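No experiment lies behind these values; they were computed from the predicted model shown. Basis for what follows: all heavy atoms, side chains included, without hydrogens, waters or symmetry-related copies.
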Number of protein chains: 2
Amino acid sequence: MVTIIDVARAAGVAPSTVSYVLSGKRSISPQTRRVVEQSIRRLGYHPHAGARSLASSRTNVLALVAPLREDLTVMDFVAAVASAARDHDQDLLLLTKDEGPTALRRVISSALADAMIVLDVEAADPRLPTLLALGRPVVLIGTPSQPTGLTSVDLDYTAAGERCVEHLVDLGHRSIGMVGPAPAVYQRGVNSAFRFLRGLTDSAQAHGMLFRARPCGHNYDAVRDCLDALLRLEPTALVVHNESALPIVLAELHRRGLRVPADMSVVAVCSDTAATSGAVPLTTVSIPAAELGRLAVEMVIRQITGSTQPETRLLPPRLTPRASTASRP
Amino acid sequence: MVTIIDVARAAGVAPSTVSYVLSGKRSISPQTRRVVEQSIRRLGYHPHAGARSLASSRTNVLALVAPLREDLTVMDFVAAVASAARDHDQDLLLLTKDEGPTALRRVISSALADAMIVLDVEAADPRLPTLLALGRPVVLIGTPSQPTGLTSVDLDYTAAGERCVEHLVDLGHRSIGMVGPAPAVYQRGVNSAFRFLRGLTDSAQAHGMLFRARPCGHNYDAVRDCLDALLRLEPTALVVHNESALPIVLAELHRRGLRVPADMSVVAVCSDTAATSGAVPLTTVSIPAAELGRLAVEMVIRQITGSTQPETRLLPPRLTPRASTASRP
DNA sequence: CTGAAAGCGCTTACAG
DNA sequence: CTGAAAGCGCTTACAG
């Protein structure tokens with residue numbers, strides 16, 4: 001292995017000088033810098049991460065705690081965080097949600113990472129106290145129901161609900177049904193589910209609209225039952241907050257002879273990919289995974305480099321009208 | 001931070017003894033072991049990963065190089081590798097495919113990981129020479145077209161193609177259409193695409209069946225065109241090797257008044273989740289992501305701990321009959 | 001069965 | 001603007 005001593009010898013300088021060229025922590029004469037950089041390149045030198053971490057107590061590694069279920073949105077977040085991390089010269093350690101609080105403690109205590117980004121936080125999440133106790137830089141993607149003293153970023157789901165209703169009001173709709181996340185999601189206390197529902201409900205009421213919401217599993221029977229229940233109110237529009245159920249919902253509307261958007265408008269909350277891969281491009285409030293991931297990395301790095309106050313950042317929703325919504329039939 | 005010296009002091013032994021208790025690399029008296037383990041627990045000691053890596057030249061970290069696109073199967077692989085890694089007390093560093101060969105060199109040279117698991121290898125993959133030159137433990141998930149001197153695991157796609165045809169032959173079908181991966185997949189030279197097609201083609205010919213295959217993008221227009229082309233042969237069965245296009249294919253068959261399986265049998269190559277989330281549970285040859293991920297981790301660890309010969313391991317396909325295939329109409 | 005000590009490859013005060 | 005040296009927290013021969 002090529003060490004800093006090899007580079008120093010090749011460049012005719014002290015190892016510390018090589019270190020300072022690399023870190024930029026003190027001024028180096030242009031000639032010295034040039035010679036050192038040349039040697040680094042010529043020898044293919046890469047600093048030993050462990051040695052660096054031992055000496056500096058910085059790993060330049062971020063840990064991402066993700067729920068590794070089959071879910072395109074999760075994949076979006078992982079991709080966004082990975083790419084943002086690299087843009088900031090950080091590597092990414094991947095932890096799975098089911099490893100629980102002990103894994104977080106282990107990773108921080110053994111100096112495998114400097115900071116954590118945590119996806120899919122639940123209402124009474126057992127990792128929250130641990131995260132707080134660790135006293136390390138943390139950013140949650142998602143919003144816990146209680147203030148936790150931790151920094152978080154999320155889509156403003158309340159505003160997203162309102163935005164959906166406004167869009168449908170503008171199109172003249174008077175009755176809306178909502179296909180929600182699976183019952184398990186509500187049981188786990190995933191806050192975004194409640195906030196989106198709240199936004200819809202309040203806004204529907206404010207506009208004097210008929211509104212009914214149902215949780216919905218993502219298998220055929222669950223979707224059929226859900227639609228049976230919703231269609232009793234004779235809605236002319238459906239809001240779907242369940243990416244996995246989405247294709248089934250569309251297939252089932254079709255089966256019932258309800259054309260989108262002629263007979264039924266559909267607004268979905270999902271990734272743009274999911275929205276545009278079906279037969280009819282869907283009007284969406286998209287989950288800005290790329291932006292949230294990037295933001296999370298930036299905020300966690302700000303915490304690493306200087307101390308900051310815990311804050312909650314909610315991104316405003318953006319509704320993109322596509323072919324699945326139209327004026328009330 | 002709690003160090004090995006703190007533990008040693010608390011237990012009244014030398015630091016080296018604590019180290020040996022942890023590693024099990026020499027015999028320790030039961031009393032000493034007990035006292036040391038107690039101190040470790042009481043103090044909440046976690047060895048410093050960097051220090052350990054520096055002293056032992058082992059990181060206990062595996063690097064996974066994944067294509068982070070929106071794809072449930074990729075997610076399956078990532079989840080499988082992550083969980084298998086933890087079962088072997090390894091942590092996981094996540095690299096993205098688009099970081100290219102330099103990232104691999106960087107990670108190995110700077111001792112961030114001991115070994116690599118690489119997904120989504122292409123025919124003329126620029127990472128292959130680098131991987132070989134690194135001389136580190138590597139397992140590819142997928143099969144390069146040329147023998148590379150690297151170990152790999154994959155589904156036996158040729159056999160998978162044959163299996164699909166046999167299943168349909170048994171049901172009396174005489175004409176089969178195949179909805180393939182996107183043209184870009186063939187252009188990238190993803191070997192599994194060619195091998196699956198080969199298996200289908202050869203087997204169809206051997207059974208004297210009509211067979212036509214088409215690559216297919218995963219948007220509505222592409223699917224419509226693809227089906228237009230395939231249906232000219234009046235197939236009674238479709239094999240779909242394109243998870244993203246799958247829901248669109250089903251929707252489009254429906255639109256054309258073709259009932260599954262009454263008018264058209266469908267066999268899909270995809271994850272079980274994708275197969276069972278639609279209105280009709282699909283007959284599949286499933287991609288055994290969990291098994292492949294686990295196997296890859298085991299093989300790479302075998303390489304780390306003792307040297308081994310490069311080998312290629314192909315898992316036999318398993319066809320699961322579900323509701324989407326039936327006897328020829 | 002256990003200890004004392006060298007050494008892994010860096011960073012960073014200390015000194016000039 | 002640069003160097004010599006201590007020290008980060010482990011592991012592992014060496015010794016007994």
Requested in this report: Enumerate, in order of first residue number, the stems that involve DNA chain D, defined as 3 or more consecutive Watson-Crick or G-U wobble pairs with both distances under 3.5 Å.
Outcome: C:1-3 with D:14-16, C:5-12 with D:5-12, C:14-16 with D:1-3

Query raised in the report: By side-chain contact (heavy atoms from CB on, under 4.5 Å), which residues pair with R313(A), not counting sequence neighbours?
Result: V153(A), L295(A), M299(A), E311(A)

Query raised in the report: According to the ring-ring contact (aromatic ring centres under 6.0 Å, His included) rule, which pairs have a member within residues 113-157 of chain A, sequence neighbours left out?
Result: Y157(A)-H241(A)

Report task. Please collect all salt bridge (Lys or Arg N to Asp or Glu O under 4.0 Å) contacts where either partner lies in residues 45-64 of chain A, sequence neighbours excluded, each pair once. Result -> R58(A)-D114(A)

Report task. Would you state whether a donor and an acceptor, one from the side chain of S16(B) and one from the base of dA4(C), lie under 3.5 Å apart? Result -> yes

Requested in this report: To the nearest Å, give me how far apart CD1 (I4(A)) and C1' (dG9(C)) are.
Outcome: 8 Å

Report summary line: I5(B) CD1 to dC10(D) C1', in whole Å, measures 9 Å

Donor-acceptor contacts under 3.5 Å from residues 39-49 of chain B side chains, at least two apart:
| unit_1 | atom_1 | unit_2 | atom_2 | d |
| --- | --- | --- | --- | --- |
| S39(B) | OG | V35(B) | O | 3.0 |
| H48(B) | ND1 | G50(B) | N | 3.1 |
| H48(B) | ND1 | A51(B) | N | 3.0 |

Query raised in the report: Quick one: side-chain contact (heavy atoms from CB on, under 4.5 Å) partners of L314(B), sequence neighbours excluded?
Result: T143(B), D154(B), D156(B), R195(B), T312(B)

**Report entry** Within residues 17-48 of chain B, residues whose heavy atoms come under 4.0 Å of DNA chain C
**Finding:** T17(B), R26(B), S27(B), I28(B), S29(B), T32(B)

Query raised in the report: side-chain hydrogen bond (donor to acceptor under 3.5 Å, both in side chains) with S53(B): which residues, sequence neighbours excluded?
Result: none

Query raised in the report: What pairs of residues pass the salt bridge (Lys or Arg N to Asp or Glu O under 4.0 Å) test when at least one of them lies in residues 288-308 of chain B, not counting sequence neighbours?
Result: R294(B)-E298(B)

Report summary line: Those residues at least two apart in sequence (or on a different chain) that pass salt bridge (charged side-chain N to carboxylate O under 4.0 Å, His left out) with R9(A) are D6(A)

Listed pairs, N/O of protein and of nucleotides 6-8 of chain D, under 3.5 Å:
none

Query raised in the report: What pairs meet the side chain to side chain donor-acceptor pair (under 3.5 Å) rule with one or both residues in residues 88-106 of chain A, with sequence neighbours excluded?
Result: D91(A)-R106(B), T96(A)-D98(A), T96(A)-E99(A), K97(A)-D120(A), K97(A)-E122(A), R106(A)-D91(B)

Query - I5(B) atom CD1, neighbour heavy-atom count above 12 within 6.0 Å - result: no

Requested in this report: Grab the CZ-C1' distance between R9(B) and dT2(C) for me, whole Å please.
Outcome: 18 Å

